[in-house]
Enquirer: 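If you scroll down you'll find the structure; I have some questions about it.
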Number of protein chains: 2
Amino acid sequence: MNPNRPNPNRPVYLKLRDQIAAAIIDGDYPEGAMLPSVRALAAEQGANPLTVAKAYQQFQNDGLVEVQRGVGMYVVKGAAERLRSRERAAFLSEEWPEIRSRMARLGLDPADLALTS
Amino acid sequence: MNPNRPNPNRPVYLKLRDQIAAAIIDGDYPEGAMLPSVRALAAEQGANPLTVAKAYQQFQNDGLVEVQRGVGMYVVKGAAERLRSRERAAFLSEEWPEIRSRMARLGLDPADLALTS
DNA sequence: ATGGCTGTATTATGGCACTGATGCACCTCG
DNA sequence: CGAGGTGCATCAGTGCCATAATACAGCCAT
């Protein structure tokens with residue numbers, strides 16, 4: 001299921017990826033700070049180091065983290081804002097339309113649910 | 001992925017399942033009407049008959065369609081409302097909390113987006 | 001009754017994604 | 001220089017998904 005966002009049986013490396021992205025946006029991993037090593041995060045999350053590495057991979061490709069081989073991976077300057085901007089655009093263009101149409105089909109109104117929670 | 005909801009590369013049988021569910025809720029397959037045969041829908045969708053059968057399977061298990069072997073599968077009375085109710089509950093308890101928290105993180109307000117579209 | 005339509009069961013196969021174990025290359029510090 | 005920390009590459013195993021080829025079981029109009 002999917003792959004798919006809310007899917008519970010979702011690939012581990014994607015769940016980790018989302019979790020890390022959230023931490024960067026929220027400032028839990030400040031700019032310039034070193035990310036947990038693949039082994040450390042793997043041990044903490046009960047996952048395989050390679051799975052963690054795969055989760056980190058995309059951030060490297062996108063230039064959001066800087067890799068110093070033999071040392072560690074660091075959050076680059078402006079990563080949080082760039083990441084937020086990118087995720088927001090992706091959400092609005094790819095996810096929100098489907099969510100909105102599904103809610104309409106189910107007779108739900110986003111404005112109502114916005115208040116309750 | 002999930003197998004995740006909005007995932008584009010999602011198993012065919014799940015995409016078909018969602019598509020059929022939407023058609024039932026929207027009344028495209030009215031109560032008492034016969035669903036397309038597995039072979040017909042397979043040909044139309046360019047899929048394998050067994051894959052379509054797998055998509056139909058869950059509706060049988062849930063008692064939303066009645067199977068008349070040798071004839072076809074029919075939408076039972078009240079299926080649309082039961083299906084909508086079930087999907088709504090599932091959406092609110094499993095998907096909406098995550099969606100809401102993600103929107104908050106990205107600085108988006110459901111109430112605002114409810115108007116725009 | 002027979003041909004043609006339904007759904008279903010069986011088995012086999014190819015592909016793909018995810019996960020995992022091992023070892024290597026690189027850097028820093030004492 | 002050596003120990004212990006980094007990330008990274010390679011290979012293999014596993015399971016799900018989709019497809020295919022058949023064959024079978026039930027119903028109905030001609």
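Below, read A as the first sequence line, B as the second, and so on, with proteins coming before strands; counting in each chain starts at 1. Everything numeric here is computed off the predicted structure, so don't read it as measured data.
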Enquirer: Going by atom type alone, with no hydrogens or angles, which donor-acceptor pairs under 3.5 Å involve a side-chain atom of residues 63-77 of chain A and a protein atom two or more places apart or on another chain?
Expert:
none

Enquirer: Over all strands shown, is B/Gln60 touching base, sugar-phosphate only, or nothing at heavy-atom distances under 4.0 angstrom?
Expert: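 Answer is sugar-phosphate: B/Gln60 comes under 4.0 Å of backbone atoms only.
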Enquirer: With sequence neighbours left out, what residues match B/Gln19 under side chain to side chain contact (heavy atoms under 4.5 Å, CB included)?
Expert: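 Result, side chain to side chain contact (heavy atoms under 4.5 Å, CB included) vs B/Gln19: B/Leu16, B/Gln45.
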Enquirer: Which residues in residues 61-75 of chain A have a heavy atom closer than 4.0 Å to any atom of DNA chain C?
Expert: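 The stretch gives A/Arg69, A/Gly70, A/Val71 as the residues lying under 4.0 Å from the strand, ordered by number.
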Enquirer: For DNA chain C, which residues in residues 39-53 of chain A have a heavy atom at a distance below 4.0 Å?
Expert: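 Those residues are A/Asn48, A/Leu50, A/Thr51.
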Enquirer: Sequence neighbours excluded, which residues qualify as salt bridge (charged side-chain N to carboxylate O under 4.0 Å, His left out) partners of A/Asp109?
Expert: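 A/Asp109: no salt bridge (charged side-chain N to carboxylate O under 4.0 Å, His left out) contacts found.
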Enquirer: What does B/Tyr13 touch in the nucleic acid at a heavy-atom separation under 4.0 angstrom: a base, only the sugar-phosphate, or nothing?
Expert: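 Sugar-phosphate only.
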Enquirer: Can you list the residues that meet the side chain to side chain contact (heavy atoms under 4.5 Å, CB included) rule with B/Ala40, with sequence neighbours excluded?
Expert: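 Here the qualifying residues are B/Ser37.
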Enquirer: Pairs in or reaching into residues 51-64 of chain B: which pass salt bridge (charged side-chain N to carboxylate O under 4.0 Å, His left out), with residues at least two apart or in two chains?
Expert: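 Residue pairs with at least one partner in residues 51-64 of chain B: B/Asp62-B/Arg86.
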Enquirer: With A/Ala90, which residues qualify under side chain to side chain contact (heavy atoms under 4.5 Å, CB included), at least two apart?
Expert: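 Applying side chain to side chain contact (heavy atoms under 4.5 Å, CB included) to A/Ala90 gives none.
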Enquirer: Could you pull out all residues at least two apart from A/Ala80 that satisfy side chain to side chain contact (heavy atoms under 4.5 Å, CB included)?
Expert: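 Result, side chain to side chain contact (heavy atoms under 4.5 Å, CB included) vs A/Ala80: A/Ile24, A/Glu31.
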Enquirer: Can you name the closest pair of heavy atoms from A/Arg105 and B/Arg84 and give their distance?
Expert: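 A/Arg105 and B/Arg84 have their closest heavy atoms at O-NH1, 3.0 Å.
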